Colleague: 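Dumping the structure here so I can ask a few things about it.
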Protein chains: 2
Amino acid sequence: MPRDASPPAPPAPPLAPARSGRATGRVTLADVARAAGVSPITVSRALRRERSVAPELVARVEAAVRQLGYVPDPAARALASARSDHVAVLVPLLSNNLFVDLLEAVHQVLWPAGFQTLIGVTHYDPAEEEQLLQAYLAHRPAGLLVTGFDRSEAARRLIASSGVPCVHLMEITSAPAVHCVGFSQAEAGHAITQHLLARGRRRIAFVAAQLDPRVMQRAEGYRRALRAAGLYDPARELLNPQRSSMALGGALFAELLRRQPDTDAVFFCNDDLAQGGLLAALRLGVAVPAQVAVAGFNDLNGSDQMLPPLTTVRTPRSRIGAEAARMLLTLVRGEPVRAASLDLGYELVTREST
Amino acid sequence: MPRDASPPAPPAPPLAPARSGRATGRVTLADVARAAGVSPITVSRALRRERSVAPELVARVEAAVRQLGYVPDPAARALASARSDHVAVLVPLLSNNLFVDLLEAVHQVLWPAGFQTLIGVTHYDPAEEEQLLQAYLAHRPAGLLVTGFDRSEAARRLIASSGVPCVHLMEITSAPAVHCVGFSQAEAGHAITQHLLARGRRRIAFVAAQLDPRVMQRAEGYRRALRAAGLYDPARELLNPQRSSMALGGALFAELLRRQPDTDAVFFCNDDLAQGGLLAALRLGVAVPAQVAVAGFNDLNGSDQMLPPLTTVRTPRSRIGAEAARMLLTLVRGEPVRAASLDLGYELVTREST
DNA sequence: CTGAAAGCGCTTACAG
DNA sequence: CTGAAAGCGCTTACAG
């Protein structure tokens, strides 16, 4: 694999200039058939391993493919077969590493299986999701991966009427015939709040941004745990609709301590907020965990590097991506799935901040 | 836009069941033509605004499109016209926020112009880049956006022989007929090293990971500045090929101070490393900037939240993405570009860590 | 300004 | 196991 860091040479003219008429000059299946001395349909079958083709013919076809450098035209294939090798994946954001890990895992499963991952970013906007869905569905993808269950009625209808197999990521439901891979966000939120209670904390705040459905499910888990302990106080919830960031986490932490100076623990709905909170504590001279315990969610990059290292919930996004991709592959092949809903759980990671 | 957080109903059968033969049941251009009482080609032209079509016919076509819910088939369009509405963008990684910002800006320009952004991740691997290029080019994208100039000879040939307009991101060159939008990584590396020198630092280390071409260009800028000052010492370079992360930054910072205890400044090639270094300094009790000044590169999320806030180089990746997308659009339309190479510069952001 | 014909490069459905 | 014909849903190239 020769590498070269110098700038490229100026673009050369296309190798095979367009020939007469509409011919594009590219090597077609017909060219391969001619070279191999078989019919085009035999080439098609040999390439797709669809029906048994005589081994010797397969060999001749493969030799011709190699010799001519034939690359199938996906557009022609899609048009003729009414399906494509695309799988569309819709995620809310790329700026949260959570989704990057998810996409990476999806790609690692789909690419070797011969599918191309098309990434769509919805920005948590139902209208954008609808537009993306419309655009991607027009390409007749082989499958669809979407984040969560929260979408417009129109988006739901688009998915359902397309007939394209769809797996939902990150959340789970027991509704029949809905395919999903994830974990219970509410349970995870409950678990980390329980952890804070077990540490003896009594005035536990919940600080959140973005306020997407999964964040609100974590909030539910938090509320349930505190209510059960007789310690729930709505005044200790700080909910901000802005996009999550370290800077916002720092600002919200400071605001929280101004409003509720007796706070003895904070559950941030996402690690970036928590990291910002930890840094703000350092700046403000608030002792963590002595004065205030701090917990996050997701175990993002750097949380183990904080001062003190951050207690958080490790979410299995890589496994979610991989398992969802596998489930989708099963559906695409028309095979039965073991279970439509796959709960991959979560893991409490206890570090020094609590 | 009605929203609903409950799980979706089980998938319904496709609205229009497949009819006889191979008909897919979808609404076609011919259906629209029939409904509008014109020929298919007129519908095609009205939809693409290609040639002047009588305004009244356009109106009838548009009404029919709306009424029937017609969505053009991209595969058929691509096959017939030998081009698509796709623009492929190849970036090394999604886990560096730099590239997320780049992609976001690209999408914001391309989507309103009617193009779909296909994201490809190369993982800094020339072989992967080649495979992606081959796969994406087979789709006859309207344009191509690639990161930097470093790629295999085969990849270069694929791009050149495809005839697809291509703009290079992040780096610049004065080579003729090569389209690029970026800035001089070497100059930026030189500038931040100069800044450290101007602050009176004399034993300035360079700590880097990943070691991709752009990192090595920053290293060149660092070397040039120190050589000019008569202070260059190869022993003060710590180059690690692993992927960049906060954890690695912390480990390298500690290693550096073990090997070169008299270090009075560190230039980290990327902010995530620098953030990890800053946190490690806190843990180790190394005073920043009193004992060691710390500088980063890129001004990533959270750098302004560090303790102390991180001095860094702000790179204009959003503008790079937007301008590159605009340049590509110009090329796709066959119009002349003002200049093939666009230098967007960089900005030194001086904070308390130096 | 509008249209009838042909064709893009594959695969399906039907035969043998 | 192999193939000739037709067709997927558009746009191009040629006419008028």
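Fair warning: this is a prediction, and the values are worked out from it, not measured in the lab. Residue numbering restarts at 1 for every chain, and letters A, B, ... go by the order of the sequence lines.
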Colleague: Under 4.0 Å between a side-chain N/O of B:R26 and OP1 or OP2 of D:dG9, yes or no?
Modeller: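 Indeed not, no polar side-chain atom of B:R26 lies that close.
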
Colleague: Measure from the ring center of B:H168 to the ring center of B:F149 and say whether it is less than 6.0 Å.
Modeller: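 Close enough - the centres of the two rings lie under 6.0 Å apart.
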
Colleague: What is the distance, to the nearest angstrom, from the CG atom on B:L79 to the C1' atom on C:dC8?
Modeller: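 Rounding to the nearest Å, CG of B:L79 and C1' of C:dC8 are 4 Å apart.
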
Colleague: With a 4.0 Å cutoff (strictly under), does any side-chain N or O of A:S39 reach OP1 or OP2 of D:dG3?
Modeller: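 Yes, A:S39 has a side-chain N/O under 4.0 Å of OP1/OP2 on D:dG3.
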
Colleague: Taking only the side-chain nitrogens and oxygens of A:T42, find out if one of them lies under 4.0 Å from OP1 or OP2 of D:dT2.
Modeller: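 No, because none of the side-chain N or O atoms of A:T42 sits under 4.0 Å from OP1 or OP2 of D:dT2.
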
Colleague: Before we go on, tell me: are the rings of A:H139 and B:H139 under 6.0 Å apart, centre to centre?
Modeller: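 A:H139 vs B:H139: aromatic centres not under 6.0 Å.
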
Colleague: Using whole Å, report how far CG of B:L29 lies from P of C:dA4.
Modeller: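 Atom-to-atom, B:L29 to C:dA4, this comes out as 14 Å.
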
Colleague: Measure the distance from CG on B:D73 to P on D:dG7 and round it to the nearest whole Å.
Modeller: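 These atoms are roughly 18 Å apart.
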
Colleague: Whole Å only: how far is the OH atom of B:Y70 from the P atom of D:dG9?
Modeller: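 So the two atoms are 10 Å apart, to the nearest Å.
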
Colleague: Going through the checks in order, is the salt bridge (Lys or Arg N to Asp or Glu O under 4.0 Å) test met by A:R151 and A:E171?
Modeller: CA-CA 13 Å; A:R151 49 188 46 82; A:E171 297 177 50; over 6 Å; no

Colleague: Answer yes or no: is there a donor N or O on one side and an acceptor on the other, between the side chain of A:R140 and the main chain of A:S84, under 3.5 Å?
Modeller: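 Here the side-chain-to-backbone pair does not exist.
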
Colleague: What's the CG-C1' distance between B:L47 and C:dT2, to the nearest Å?
Modeller: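 Rounded to whole Å, this separation is 16 Å.
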
Colleague: Please state how far atom CG in A:L57 lies from atom C1' in D:dG3, giving the value in whole angstrom units.
Modeller: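 The answer, rounded to whole Å, is 12 Å.
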
Colleague: Whole angstroms only, please: what is the CZ-P distance between B:R34 and C:dG3?
Modeller: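 Between P of C:dG3 and CZ of B:R34: 14 Å.
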
Colleague: Side chain of B:A80 only, heavy atoms from C-beta on: which candidate in C:dC8, C:dT12, D:dT2 is closest?
Modeller: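 The listed nucleotide nearest to B:A80's side chain is C:dC8.
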
Colleague: Does any donor atom in the side chain of A:R156 or A:S152 lie under 3.5 Å from an acceptor atom in the other side chain?
Modeller: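 Per modelled atom types, A:R156 and A:S152 side chains form no pair under 3.5 Å.
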
Colleague: A:R77 side chain: which of C:dT12, C:dC10, D:dG9 is closest?
Modeller: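 In terms of side-chain proximity for A:R77, the closest of C:dT12, C:dC10, D:dG9 is C:dC10.
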
Colleague: On DNA chain C, compare the nucleotides closest to B:A76 and B:A54; which residue's is nearer the 5' end?
Modeller: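 It is B:A54, whose closest nucleotide lies nearer the 5' terminus.
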
Colleague: Would you tell me whether A:T330 and A:E335 have side-chain atoms, one donor and one acceptor, within less than 3.5 Å of each other?
Modeller: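 The answer is no; no qualifying pair exists.
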
Colleague: What is the distance, rounded to the nearest whole Å, between atom CZ of A:R45 and atom P of C:dC10?
Modeller: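 Between P of C:dC10 and CZ of A:R45: 16 Å.
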
Colleague: For the side chain of B:V38, starting at C-beta, report the closest nucleotide among C:dT11, C:dC10, C:dG3.
Modeller: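 It is C:dG3.
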
Colleague: Would you say A:R48 places a side-chain N or O within less than 4.0 Å of OP1 or OP2 belonging to C:dT12?
Modeller: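 Checking C:dT12 against A:R48, a side-chain N or O does come within under 4.0 Å of OP1 or OP2.
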
Colleague: Please determine if a side-chain N or O atom of A:R83 lies less than 4.0 Å away from the OP1 or OP2 oxygen of C:dT12.
Modeller: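 For C:dT12, OP1/OP2 do have a side-chain N/O of A:R83 under 4.0 Å.
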
Colleague: Could you list the residues that satisfy salt bridge (charged side-chain N to carboxylate O under 4.0 Å, His left out) with B:R326, not counting sequence neighbours?
Modeller: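 Salt bridge (charged side-chain N to carboxylate O under 4.0 Å, His left out) list for B:R326, sorted by chain: B:E323.
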
Colleague: Taking the minimum atom-to-atom distance to the side chain of B:I41, which one of C:dC8, D:dA13, D:dT2 wins?
Modeller: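 The nucleotide sitting nearest to the side chain is D:dA13.
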
Colleague: Taking Watson-Crick and G-U wobble pairs with both distances under 3.5 Å, convert DNA chain C into its dot-bracket string, 5' to 3', dots for unpaired and | for cross-strand pairs.
Modeller: |||.||||||||.|||

Colleague: Which residues pass the salt bridge (charged side-chain N to carboxylate O under 4.0 Å, His left out) test with B:E104, sequence neighbours left out?
Modeller: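 None.
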
